[in-house]
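Residue numbers start from 1 in every chain, and the chains themselves are labelled A, B, ... in the order their sequence lines are given, proteins ahead of strands.
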2 protein chains.
Amino acid sequence: MSRPLTPLGLAVLSLLGKEPMHPYEMQQRIRDYSIDHVVKVAHGSLYHAVERLARQGLIEPVETTREGRRPERTVYAITEQGRDEADSRLREFLRYPLEEYPIFDMALSFLGWLPPEEAAQLLDRRAVRLEAKLAAHDTVIANLMKQGLERVQLIELEFCNARLRSELEFVRALSDDIKNGRMTWRPPGRTNGENNDT
Amino acid sequence: MSRPLTPLGLAVLSLLGKEPMHPYEMQQRIRDYSIDHVVKVAHGSLYHAVERLARQGLIEPVETTREGRRPERTVYAITEQGRDEADSRLREFLRYPLEEYPIFDMALSFLGWLPPEEAAQLLDRRAVRLEAKLAAHDTVIANLMKQGLERVQLIELEFCNARLRSELEFVRALSDDIKNGRMTWRPPGRTNGENNDT
DNA sequence: TCTATCATGTAACCAGTTACATGATTTT
DNA sequence: AAAATCATGTAACTGGTTACATGATAGA
């Protein structure tokens, strides 16, 4: 019942699927396994997510320990229902592309506001950043492979790079088209006259 | 000052940049110009966004009309500060790729949960959806071009298609690698035995 | 005209973020 | 042992979503 499992929820279930643990340990592993590269998790949100999952019966507290004078720690375990939900949600995510709203798409849709020369310049700068990211990812992949990780463990990095490469290609081609005058436009009214930062 | 302009905020400013209007008219135009394909806007959120922009001084009420016995309508106009903010934010969005968290990336990172055969099957199904989307976009682009739109007006569709194509290619290649045994793995513990829906 | 549907706005809710609080650990 | 930093949890806030409410319009 209730709302569909969020990505963070799925991540938590995935951890508890291996063994029960308390929220702080989840946080550790999320960092250690770099899960935070594919799911956004900002310190506080984890506790929220856990609470919600518990309310929905997808996980349940199994033990509460206390060391020293620190607040209690509740250890949670995944429930049978939780496993089912995680499995089926994962399959959905793989099977159906869903509508997302990448920022760059929206920014592009407003490209016509800017004078073409400036647009080309901004795109060139973006290209530089994209190249850097790509290089960084490539070395990460190389290193992890040397450590003997299986390909399936790295597949999301591979995909991310594929995406980056495709974006880079597009951005370069577009900037070229603008610079060679194969594509132009007249920006409307006041898209700014007195701005010329380097 | 205060928090950075959200995509929806930028969209509202872009509309008010042309002429003052009331929230409901914004909603109309957002549909008419298909802005809702690049920014997620769910009925209620628009009013919220407008309120916030007003509080931040990026827009201001200029008139309030009333027709029949309906609630008042407030017409808003963009302020000078609003223009500056919109301009600078747009430039940022173009220039710096920012961290996003596409769902498919996360789903891929859990691919190892599933038995390889099932993974390949799901990827194949995804490919079908991607092809359909691509075809739909292609006809939209063709039609809009026939209506004489400039290329700059369609550029975000072009990009979206580039992304779709790249994802499709990746998904196909990956599924092939799995089906030909060029890539395998053993799924862990209980990734489900008694589930075999078609 | 009664009913069903659409137009338009408000308000309660929800997921996620940031700021804070407290206890533990390290540094000097 | 005082000061600075890190570990760990809570709570207030924020942006967005969904459910609801009221008025208008069109179809039976």
### Query
Is the phosphate of dT17(D), meaning OP1 or OP2, less than 4.0 Å from a side-chain N or O of S45(B)?
yes
### Task
Using the test side chain to side chain contact (heavy atoms under 4.5 Å, CB included), find all partners of K179(B) that sit at least two apart in sequence or belong to another chain.
A120(B), D124(B), S175(B), D176(B)
### Query
What residues, two or more places apart in sequence or in another chain, satisfy ring pair (Phe, Tyr, Trp, His ring centres under 6.0 Å) together with F159(B)?
F104(A), F170(A)
### Query
In chain order, what residues pass the side chain to side chain contact (heavy atoms under 4.5 Å, CB included) check against S166(A), with sequence neighbours excluded?
S166(B)
### Query
Rounded to the nearest Å, what distance is computed from the OH atom of residue Y47(B) to the C1' atom of nucleotide dG15(D)?
17 Å
### Task
Please name the pair of heavy atoms, one in G17(B) and one in I78(B), separated by the smallest distance, quoted to 0.1 Å.
CA-CG2, 4.2 Å
### Query
Does anything in residues 30-38 of chain B reach DNA chain C, meaning a heavy atom under 4.0 Å, and if so which residues?
none
#### Entry: Nearest-Å distance for atom pair CD/P, residues Q27(B) and dC6(C)
15 Å
### Summary
For V128(A), the other hydrophobic cluster members (4.5 Å side-chain criterion, sorted by chain and number) are none
### Message
Checking contacts here: which listed nucleotide (dA15(C), dG9(C), dT18(C)) is nearest the side-chain heavy atoms of R55(A)?
### Response
dA15(C)
#### Entry: Residues clustered with M145(A), ILVMFWY side-chain links under 4.5 angstrom
V140(A), I141(A), L144(A), L149(A), L154(A), L157(A)
### Side-chain N or O of R52(B) closer than 4.0 Å to phosphate OP1/OP2 of dG15(D)
yes
#### Entry: Whole-Å distance separating the CD atom of Q28(B) from the P atom of dC6(C)
15 Å
### Message
Please list all pairs meeting ring pair (Phe, Tyr, Trp, His ring centres under 6.0 Å) that have one or both residues in residues 116-158 of chain B, counting only residues at least two apart or in different chains.
### Response
none
### Message
Tell me whether the side-chain N/O atoms of R73(B) come closer than 4.0 Å to OP1 or OP2 in dG9(C).
### Response
yes
### With sequence neighbours excluded, residues passing salt bridge (charged side-chain N to carboxylate O under 4.0 Å, His left out) with D36(B)
none
### Query
Looking at residues 5-15 of chain B, who's got a heavy atom less than 4.0 Å off DNA chain D?
T6(B)
### Message
So, under a plain 3.5 Å distance rule, would you say the side chain of H48(B) forms a donor-acceptor pair with the base of dG15(D)?
### Response
no
